[in-house]
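To keep things clear, I will list the structure first and then write my remarks on it.
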Protein chains: 2
Amino acid sequence: MFTTAALAETAALVGDPGRAAMLMALMDGRALTAAELARVAGITPQTASGHLARLTTAGLLSRHCQGRHHYHRLASPAVAHMLETIMEASAAGQALRPQRAVVTGPRDKAMRAARTCYDHLAGQLGVRLAEALGERGYVELSDEGGAVTETGMEFFRSFGLDLGPAPARVYCRPCLDWSERRLHIGGTLGAKLAARCFALNWIRRNSESRAVTVTPAGQRGFRETLDI
Amino acid sequence: MFTTAALAETAALVGDPGRAAMLMALMDGRALTAAELARVAGITPQTASGHLARLTTAGLLSRHCQGRHHYHRLASPAVAHMLETIMEASAAGQALRPQRAVVTGPRDKAMRAARTCYDHLAGQLGVRLAEALGERGYVELSDEGGAVTETGMEFFRSFGLDLGPAPARVYCRPCLDWSERRLHIGGTLGAKLAARCFALNWIRRNSESRAVTVTPAGQRGFRETLDI
DNA sequence: CAAATGCTTCGGCGAACGCCGAATTAAGCC
DNA sequence: GGCTTAATTCGGCGTTCGCCGAAGCATTTG
């Protein structure tokens, strides 16, 4: 059947360690060059080139050439969503299995603490953020959907977020965190929230990974506004 | 890094045509025996046995032995969600590519018309259902979340659905249909809706695939209640 | 107890694919 | 025009992995 073949094809593309590493590196929405991607994947440029070509023709990546640099990014949020979902199912599977010792290096630690999830915040920071917003009644989260409350709308506006006209009452897609196994806030609200935190210099991107670090200003800001 | 390896591992499991076919066959939430799965995948039982063992130890499937029959089912809704999301990203990728001729056999046609998506309805029927419910103001859908309205709660109760106590206002997770590229209703509401339609004998499972057929009673019922 | 059925394990075959070295093209820089 | 760097293409090597035939366990049936 047609659909099954497409499923296997796409999954097989993600199923290679080298390609998976490159896709993960692109999870924060930035565009990286072929050489950078080769490095994070731990393979030679010529090997990476082949992988990138396949990912691009499959429509998982989009490329954009500028001079002699070829920039690659995820073709759509759908791809990022797919990757997070695979990690989620994977984590759910591991949880059921006998606990294999998971070696958590410092890199992993930073990722678990705070990272970007395509365009919004995840990790412990994302979870704490979602909890604090929930406790204060600014958003209502469940496994299945999320909603911004009236007081939440006011709060976000005062925080500098333009959520647009009111009609779409539901802005936030809850997103199950694969390291914390708890909900954090994605969707449009999550993206705008993350962007605002970057703009306020509360958090800063890590140059090497999707991990983000909370700045001193951020420590203060998060404590003052949400007590987290 | 740990997380990347897990991503590749899980994706590689889905990336084999045989395993993908078996997973797709389990997408409607039923449990199938090893022999049945071997048949749908077009491989011999001993090959299927190996695949099923790997999928089970990875936590994607759960098995449950009854006499000499070994029943397999998806380990969790997270796995079903992952599969749908991969198809979605795959479809999005294909849409960007030059239109390759997609051969749509009668099997595909039935699938596109109406099918189950783990526990709720998808395909053209699912989309029409979502549209009708939206037009009547029973649910509010967006790409990011969905909500049941007050009048919707009444309607669903009158339709025979027990949605439980009111607190969780948001019941329905919109689910992007990979064949229609439009939203349909998943989540708890979607599952209960589908179950009710089966109970009313409005729709019937196809023995060979996830496709469902609308019965004459269903034709009448859908027209009378929602004019679809 | 013997036969049949469903499932699994083992062993070897073959194809697919990831990998890199070497060579080629293209863009910037002196 | 040379030199460096980025990216790609090509060719061949090696491993991995899916596949099936044959055999081995369990469970049900006569």
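Numbers restart at 1 for each chain; the letters A, B, ... are given by sequence-line order, proteins then strands.
- Put simply, the side chain of B:V14 reaches to within 4.5 Å of the side chain of B:M82, judged on heavy atoms.
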Below 3.5 Å is the cut-off: list the nitrogen or oxygen pairs between protein and nucleotides 4-7 of chain D, distance only.
{"residue": "D:dT5", "atom": "O2", "partner": "A:R68", "partner atom": "NH1", "Å": "2.9"}
{"residue": "D:dA6", "atom": "O3'", "partner": "A:R68", "partner atom": "O", "Å": "3.3"}
{"residue": "D:dA7", "atom": "OP1", "partner": "A:H70", "partner atom": "N", "Å": "3.2"}
{"residue": "D:dA7", "atom": "OP2", "partner": "A:A35", "partner atom": "N", "Å": "3.1"}
{"residue": "D:dA7", "atom": "O3'", "partner": "A:H70", "partner atom": "ND1", "Å": "3.1"}

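- Between B:L23 and A:T4, the closest side-chain pair of non-hydrogen atoms is not below 4.5 Å.
- Of the inter-residue distances, the one linking B:T10 atom OG1 with A:I86 atom CD1 reads 7.5 Å to the nearest 0.5 angstrom.
- For B:E88, there are no side-chain hydrogen bond (donor to acceptor under 3.5 Å, both in side chains) partners two or more places apart in sequence or in a different chain.
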Pick out the pairs of N or O atoms, protein on one side and nucleotides 15-19 of chain D on the other, that lie under 3.5 Å.
{"residue": "D:dG18", "atom": "OP1", "partner": "B:R19", "partner atom": "NH1", "Å": "3.1"}
{"residue": "D:dG18", "atom": "OP1", "partner": "B:R19", "partner atom": "NH2", "Å": "2.9"}
{"residue": "D:dG18", "atom": "OP1", "partner": "B:R54", "partner atom": "NH1", "Å": "3.4"}
{"residue": "D:dG18", "atom": "OP2", "partner": "B:R54", "partner atom": "NH1", "Å": "2.9"}
{"residue": "D:dC19", "atom": "OP2", "partner": "B:H51", "partner atom": "NE2", "Å": "2.6"}

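- At whole-Å resolution of the value, CD in A:Q46 and P in D:dT8 are 11 Å apart.
- In terms of position on DNA chain C, the residue among A:Q66 and B:A53 whose nearest nucleotide sits closer to the 5' end is B:A53.
- Contacts of A:T33 classified as side-chain contact (heavy atoms from CB on, under 4.5 Å), with partners at least two apart in sequence or in another chain: A:A35, A:E36, A:H69, A:Y71.
- The shortest non-hydrogen separation linking B:R115 to B:M111 is NH1-O, 3.3 Å.
- For B:R68, the side-chain hydrogen bond (donor to acceptor under 3.5 Å, both in side chains) test picks out no residue, with sequence neighbours left out.
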Show which side-chain atoms of residues 213-220 of chain A pair as donor or acceptor with protein atoms under 3.5 Å away, not counting sequence neighbours.
{"residue": "A:T215", "atom": "OG1", "partner": "A:N201", "partner atom": "O", "Å": "2.7"}
{"residue": "A:T215", "atom": "OG1", "partner": "A:W202", "partner atom": "O", "Å": "3.1"}
{"residue": "A:T215", "atom": "OG1", "partner": "A:G218", "partner atom": "N", "Å": "3.0"}

